[in-house]
Structures are given as C-alpha cells and as structure tokens.
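All residue numbers refer to positions in the sequence shown, counting from 1.
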Amino acid sequence: DTNYPQVPLSKEIEYMQNYISLERLRLNDQIPITFNVEGDPQRFMITPLIFITFLENAFKHAISNNNLKAWVKMFVHLKENECIYQVENSKVPSPTAISEEKSGIGLQNVKRRLELSYPGRHELTVHDMADRYSIKLNIALS
C-alpha cells in the first residue's frame, strides 16, 4: 500500500496493531503496552506508514537495556476532521552522546514526510524528558 499516496486510516491502525502484537510476542507480554483508538477510522484516509516511525522509536528506546520498568502507550483520537496521535514511552538515559547523534534520522524523515503530505495541516510536539519521551501529532484530515 505504500505505492498509494493515501490509504484508509483503519488499515494503518491495523498495521500498527499487528506491529504491537509482534512486540508483545517478542517481549513475552512482560512490558505494559497500551493502544487505544477513539473515533471511527473507517471514514479517513492517511499517508501510509506515517505513524510507524514513532511506534518503532517508542519500542526501541523504551525496551533497551532490559529495562524492567519499561512501558509504551499509544493513542489515536479522531474528531471531526482531525486526527490526534500520541505516543509515550519510558526512557532509559542514554549512556553516550554518540547514540543520540546516530538517532533522530527516522524522526527527521517523518517530519519531512509530514511537511510534504500535510503542509500547514499538521503540528508535531515532542517532549524529551528525563524518564519519558512523548510525541503528539495533530493532522487535519480531509
């Protein structure tokens, strides 16, 4: 479906649910993972795989170093013609600044994709705190 400029949001959510199911299997259900969807995704179209980078990063950074207190929360809220996507994960402090320099390419790429796909119709807020990392993405959908 990445060959299409837009896919049904319901299909994108299904893809995310499948990814989360694989992570649950990999982690033996030992890490609390929350994923909630509010609203009807059937009526919207979205750029394919626009959400997955945030999801992958949440698992990558929350689960590193066998953190037993790790957790990941995702939330999709649909109202009128707006999609609010939030991802929050626990965070283990980075041992070196080098790992921080290597990271961020996925985030840069998704920011660029958002600019191309939703110019003037999106807002991305990133909070990088000592114990958690969160993003909130608002997209005006048509």
Open item on the list: If you define the side chain from C-beta out and look only at heavy atoms, does anything of I46 sit under 4.5 Å from I139?
Closed with: yes
TODO: Could you tell me the separation between the NE2 atom of H77 and the SG atom of C83, rounded to the nearest 0.5 Å?
DONE: 9.5 Å
- [ ] Begin with the C-alpha distance, continue with both residues' side-chain angles, and end with the deciding distance and a verdict on side chain to side chain contact (heavy atoms under 4.5 Å, CB included) for N81 and F44.
- [x] CA-CA 8 Å; N81 289 339; F44 296 108; 3.8 Å; yes
Task: Within-4.5 Å side-chain heavy-atom neighbours: N89 and K60 - done: no
Task: Nearest-0.5 Å distance, CE of residue M74 to CD1 of residue I135 - done: 11.0 Å
- [ ] Given side chain to side chain contact (heavy atoms under 4.5 Å, CB included), test L141 with R43 step by step and report yes or no.
- [x] CA-CA 10 Å; L141 301 173; R43 43 185 222 122; over 6 Å; no
TODO: Looking only at non-hydrogen atoms, find the nearest pair between G39 and P41 and report the distance.
DONE: O-CD, 3.2 Å
Open item on the list: To check you understand the geometry: which heavy-atom pair defines the closest contact between V7 and E12, and what is its length?
Closed with: CG2-OE1, 4.0 Å
Open item on the list: For a side chain to side chain contact (heavy atoms under 4.5 Å, CB included) check, start with the C-alpha distance between H61 and K91, then their side-chain angles and the critical distance, and finish with the verdict.
Closed with: CA-CA 6 Å; H61 297 293; K91 185 174 125 183; 5.5 Å; no
Task: From K11 atom NZ to Q6 atom CD, the distance as rounded to the nearest 0.5 Å - done: 14.5 Å
Open item on the list: Testing the basics here: between V72 and A58, what is the closest heavy-atom pair and its distance to 0.1 Å?
Closed with: CG1-CB, 3.9 Å
TODO: Check whether any side-chain heavy atom of T47 sits under 4.5 Å from a side-chain heavy atom of L116, and report yes or no.
DONE: no
Task: Donor-acceptor contact present, side-chain N28 to main-chain Q30, <3.5 Å - done: no
TODO: Kindly indicate, with the supporting measurements, whether the criterion side chain to side chain contact (heavy atoms under 4.5 Å, CB included) is fulfilled by Y85 and M16.
DONE: CA-CA 12 Å; Y85 176 57; M16 292 166 46; 3.5 Å; yes
- [ ] Could you pull out the closest heavy-atom pair between M129 and S134, with the gap in Å?
- [x] CE-OG, 3.9 Å
TODO: Flag the pair F75 / T34 as yes when at least one side-chain heavy-atom distance between them is below 4.5 Å, and no otherwise.
DONE: no
Task: Within-4.5 Å side-chain heavy-atom neighbours: L22 and R26 - done: no
Open item on the list: Do Y15 and L55 have side chains that approach each other closer than 4.5 Å (heavy atoms only, starting at C-beta)?
Closed with: no
Open item on the list: When you group the ILVMFWY residues by side-chain heavy-atom contacts below 4.5 Å and let the links chain together, are L114 and I84 in the same group?
Closed with: no
Task: Value rounded to 0.5 Å, distance of OH in Y118 from CZ in R113 - done: 9.0 Å
Open item on the list: Would a single hydrophobic cluster contain both I52 and V37, if residues Ile, Leu, Val, Met, Phe, Trp and Tyr are joined by side-chain heavy-atom contacts under 4.5 Å?
Closed with: yes
Task: Heavy-atom check, side chain of F54 versus side chain of L124, under 4.5 Å - done: yes
Task: Which atom of P5 lies closest to which atom of P48, heavy atoms considered - done: O-CD, 3.3 Å
- [ ] Rounded to the nearest 0.5 Å, what's the gap from CD1 on I13 to CG on L78? Could you check?
- [x] 6.0 Å
Task: Separation of M45 CE from S10 OG (nearest 0.5 Å) - done: 9.0 Å
- [ ] Return the minimal non-hydrogen interatomic distance between P32 and A70, and the atom names on each side.
- [x] CD-O, 3.3 Å
Open item on the list: What I'd like to find out is whether the side chain of I31 reaches to under 4.5 Å of the side chain of F59, using heavy atoms alone.
Closed with: no
Open item on the list: Between R112 and E115, does any side-chain N to carboxylate O distance fall below 4.0 Å?
Closed with: yes
